[in-house]
Amino acid sequence: MEIGVLSVRYARALLKSALEQHIEEQVYQEMLTLSQSYLKVPELRFTIDNPMLEKSKKKTLLVTATGGKVSPLTERFIELVLAEDRENTLQFMAASYVTLYRKHKNITSGRLITAVAVTPEIEKKMRQRVESRTQGTVEFQTEIDPEIIGGFILEYDTYRMDASVQNQLRNILTQLRK
């Protein structure tokens, strides 16, 4: 079975169970942490995929990568994935859960990149602007990138607004070369 289809099926079942138990937010945070752990620690995937490593050690490692103390549902989910020998797709299952949860709760993931740190008021205004356009909640991530010189880059869903000085200079150079 294709990894994408499999991971979505497992994630959908996990979301359904979490909704029934009213712990979908907690499981969301755990799956988000697990997904980020896979991205930040590439060795995690190789270790989990190692067939020589005992399942009990894999479980301990996965629980730790999920935040340490996890909900009983998440613990049972990890045990199920290990019992079914599907641990090589767990990273995709976690990412699929995050996506399904955000869709269910109408949450948009957004990113604001600026050359210098922005005040909380400016961040709040940007969040409100995105929320008014998406008619939902926005999880905002702010980044500082001095290379954009000034201005900002705003990204959410498939939308990207590049109002950076770097981009404006690039556009001017392109015009001058014509």
Side-chain angles (χ1 to χ4, degrees), residues 2-42 65-71 73-74 77 89-176 178:
E2 188 181 324
I3 290 175
V5 173
L6 182 76
S7 63
V8 170
R9 283 185 183 172
Y10 273 77
R12 196 173 286 136
L14 179 60
L15 179 60
K16 183 179 177 187
S17 294
L19 286 167
E20 289 171 357
Q21 297 178 29
H22 306 290
I23 58 169
E24 66 273 10
E25 170 67 27
Q26 181 181 358
V27 175
Y28 169 69
Q29 292 300 326
E30 293 166 351
M31 290 298 116
L32 189 60
T33 302
L34 180 60
S35 186
Q36 290 170 347
S37 294
Y38 270 106
L39 294 174
K40 291 178 182 173
V41 185
T66 307
K69 181 157 176 36
V70 296
S71 66
L73 178 62
T74 298
F77 180 74
T89 60
L90 189 57
Q91 176 181 7
F92 305 105
M93 292 175 197
S96 295
Y97 182 91
V98 168
T99 301
L100 290 170
Y101 176 85
R102 285 179 176 162
K103 187 175 183 179
H104 178 77
K105 296 287 187 174
N106 196 20
I107 298 173
T108 302
S109 181
R111 193 166 78 140
L112 177 64
I113 304 166
T114 57
V116 295
V118 294
T119 64
E121 294 83 28
I122 292 174
E123 185 179 336
K124 182 179 177 183
K125 283 182 182 179
M126 295 299 269
R127 178 179 283 112
Q128 288 172 339
R129 183 165 286 165
V130 174
E131 286 176 349
S132 69
R133 288 187 178 186
T134 61
Q135 302 299 309
T137 308
V138 176
E139 285 183 349
F140 231 46
Q141 177 185 4
T142 57
E143 295 178 24
I144 298 172
D145 183 2
E147 290 188 17
I148 70 168
I149 305 169
F152 65 91
I153 301 171
L154 176 65
E155 301 173 334
Y156 63 92
D157 283 340
T158 58
Y159 179 80
R160 176 181 166 96
M161 179 181 176
D162 191 340
S164 66
V165 173
Q166 179 186 40
N167 187 51
Q168 292 172 10
L169 289 173
R170 193 178 302 124
N171 290 340
I172 292 169
L173 284 172
T174 302
Q175 292 297 321
L176 290 174
K178 289 184 179 181

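Values in this document were obtained by computation on a predicted structure and should not be read as measured data.
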A.B. asks: Indicate the atoms forming the closest heavy-atom contact of A94 with L34, along with that distance.
C.D. replies: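 For A94 and L34, the tightest heavy-atom pair comes out as CB-CD2, 4.0 Å.
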
A.B. asks: Is there a donor-acceptor pair under 3.5 Å between the side chain of S132 and the backbone N or O of R129?
C.D. replies: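 Side chain of S132 to backbone of R129: a pair is present.
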
A.B. asks: Would you check if F152 and I113 make a side-chain contact, meaning some heavy-atom pair closer than 4.5 Å?
C.D. replies: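 Heavy-atom side-chain distance check fails, nothing below 4.5 Å.
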
A.B. asks: Could you grab the distance from atom CD1 of I153 to atom CD1 of I148, nearest 0.5 Å is fine?
C.D. replies: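 Going from CD1 on I153 over to CD1 on I148, the span is 5.0 Å.
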
A.B. asks: Nearest 0.5 angstrom please: F140 CZ to L112 CG, how far?
C.D. replies: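 Interatomic distance, F140 CZ to L112 CG, rounded to 0.5 Å: 5.0 Å.
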
A.B. asks: Which heavy-atom pair separates L100 from R12 by the least distance, and what is that distance?
C.D. replies: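 For L100 versus R12, the nearest heavy atoms are CD1-N, 3.6 Å.
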
A.B. asks: Can a donor-acceptor pair be found, under 3.5 Å and without considering hydrogens, that links the side chain of T174 to the backbone of R170?
C.D. replies: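 Here the side-chain-to-backbone pair exists.
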
A.B. asks: For residues V138 and G110, report the shortest heavy-atom separation together with the two atoms involved.
C.D. replies: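 It is CG1-N, 4.3 Å.
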
A.B. asks: Cation-pi check, R133 to Y159: give yes when NZ or CZ is under 6.0 Å from the six-membered ring centre and within 45° of the ring axis, no otherwise.
C.D. replies: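 Yes.
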
A.B. asks: Name the orientation class of the two ring planes belonging to Y10 and F77 (parallel below 30°, tilted from 30 to 60°, perpendicular beyond 60°).
C.D. replies: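 Rings of Y10 and F77: perpendicular, over 60°.
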
A.B. asks: Just verifying a value: how many Å separate I23 CD1 and Q29 CD, rounded to the nearest 0.5 Å?
C.D. replies: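 Here the rounded value is 13.0 Å.
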
A.B. asks: Using 0.5 Å steps for rounding, measure from the CZ atom of F92 to the CG atom of L90.
C.D. replies: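 One gets 10.5 Å once the value is rounded to the nearest 0.5 Å.
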
A.B. asks: With no hydrogens and no angle check, is any side-chain donor or acceptor of D157 less than 3.5 Å from a backbone partner on T108?
C.D. replies: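 Flag not set: sc D157 to bb T108 has no pair under 3.5 Å.
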
A.B. asks: For the pair T119 (side chain) and I122 (backbone), establish whether a donor and an acceptor sit closer than 3.5 Å, ignoring hydrogens and angles.
C.D. replies: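 Side chain of T119 to backbone of I122: a pair is present.
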
A.B. asks: More than 12 heavy atoms of other residues, nucleotides or ligands under 6.0 Å from CD of E20: yes or no?
C.D. replies: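 Enclosed: over 12 neighbouring heavy atoms sit under 6.0 Å from CD of E20.
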
A.B. asks: Specify the closest pair of heavy atoms between T74 and T66, including all atoms of both residues, with the distance to one decimal.
C.D. replies: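 It is CG2-CG2, 4.0 Å.
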
A.B. asks: Please check: side-chain N/O of E30 versus main-chain N/O of S71, any donor-acceptor pairing under 3.5 Å?
C.D. replies: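 Yes, because the side chain of E30 sits within donor-acceptor range (under 3.5 Å) of the backbone of S71.
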
A.B. asks: Taking E121 first and then K125, would you say they form a salt bridge - that is, a charged N and a carboxylate O separated by under 4.0 Å?
C.D. replies: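 Looking at E121 and K125, the cut-off is not met.
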
A.B. asks: Could you state the interatomic distance from NE2 (H104) to CD (E24), rounded to the nearest 0.5 Å?
C.D. replies: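 Separation between the atoms: 6.0 Å.
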
A.B. asks: Ignoring hydrogens, what is the shortest heavy-atom contact between S96 and S7? Give both atom names and the distance.
C.D. replies: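 Shortest heavy-atom contact: OG-OG, 3.3 Å.
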
A.B. asks: Nearest 0.5 Å please: distance from the CG atom of L19 over to the CG atom of L14.
C.D. replies: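 Result: 9.5 Å between the selected atoms.
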
A.B. asks: Indicate the atoms forming the closest heavy-atom contact of S164 with N167, along with that distance.
C.D. replies: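 Distance-wise, the nearest heavy atoms are OG-N, 3.1 Å.
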
